[in-house]
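As the structure lists them, so they are numbered: ligands from 1, and atoms in each ligand from 1.
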Amino acid sequence: MDAPYAKLDQLEPAVARVLAHNPSAFTYFGTQSYLIGEREVAVIDPGPDLPEHLDALERAIGGRRVAAIMCTHTHRDHSPAARPLADCTGAPIVGCAPLALETVGPRADASFDGDYRPDRELSDGESIAIDGKPVTAVATPGHTSNHLCFAYGDALFTGDHVMGWSTTVVVPPDGDMAAYMASLDKLRKRDDRIYYPAHGPAVTNPQQYVRHLLGHRMQREKQILRLVGERPREISDIVAAAYPGLDPRLVPAAGGSVCAHLLDLERRGLVEREGDEQAPVGSFPRSSDRWTAA
Ligand SMILES: [Zn+2]
């Protein structure tokens with residue numbers, strides 16, 4: 001595919017994009033880093049630590065002052081370039097909280113950047129100024145527990161919370177479906193003009209798009225309830241029935257998403273585990289657990 005890697009894409013007077021060369025089944029063509037501001041800039045989601053991407057970001061910055069390097073969350077395709085970019089620009093790393101995951105056991109997850117160390121964490125509603133104009137954190141947990149979107153004027157930088165090409169992966173233990181749905185609902189109540197996601201094209205009909213995403217998840221939930229209502233099922237069985245013809249590379253992510261729905265439904269008292277009566281509600285499931293309607 002002829003994607004515009006390492007090229008500056010000026011989208012608006014104060015919004016530009018640089019695509020990193022890390023295409024995959026999860027990142028689409030790659031991670032999109034954004035530069036906002038004109039005389040001074042902030043870099044949102046600096047991306048993976050790839051020399052050609054860092055060079056492209058430096059060229060895009062073009063000697064302007066970098067007021068902040070901002071990360072929406074700490075998946076490895078988003079935050080690892082923050083430190084080298086901070087070292088060469090002197091800019092502070094500002095944004096989401098670091099996430100402490102375990103190195104072994106069910107809470108271990110190699111997709112997180114354990115080296116991320118922000119100079120300043122932003123909580124919901126906190127702002128910094130770029131060119132005198134605020135960039136405000138909008139807490140949107142769900143895809144990860146530390147996920148932030150950033151509002152700048154009437155544009156919202158949505159990271160992986162809302163993507164322009166595919167539905168977002170919500171995988172326990174850190175991913176949480178109830179939090180994700182609440183964070184979608186939070187965006188539904190805003191009146192942003194446009195979303196700039198880290199993966200995929202800009203979303204120019206945000207309200208309609210978010211309503212569609214909420215509807216899609218509610219359909220999936222209904223489908224899972226129907227499947228476990230027919231007979232007790234393991235997660236793999238639900239995935240096979242709910243995602244016919246799925247790209248085999250995406251089967252583990254679909255399993256994670258089904259798991260996220262089941263944990264949410266379990267907390268709401270709508271499903272239970274047949275194989276593991278001792279398991280506390282909300283505890284990380286085993287793949288051999290059989291789920292049934294409560
Ligand atoms: Zn992510």
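- Of all protein atoms, those of element N, O or S that lie under 2.8 Å from the Zn ion (ligand 1) number 4.
- No side-chain donor-acceptor contact under 3.5 Å links N205 to the backbone of Q208.
- Here the side chain of D131 pairs a donor or acceptor atom with the backbone of E40 at under 3.5 angstrom.
- A donor-acceptor pair under 3.5 Å is formed between the side chain of Q10 and the backbone N or O of P13.
- A donor-acceptor pair under 3.5 Å is absent between the side-chain atoms of Y116 and the main chain of R76, judged by distance alone.
- With hydrogens and angles ignored, the 3.5 Å screen pairs a side-chain donor or acceptor of D174 with a backbone N or O of S145.
- Checked by atom type and distance alone, the side chain of R217 never pairs as donor or acceptor with a backbone atom of M181 at under 3.5 Å.
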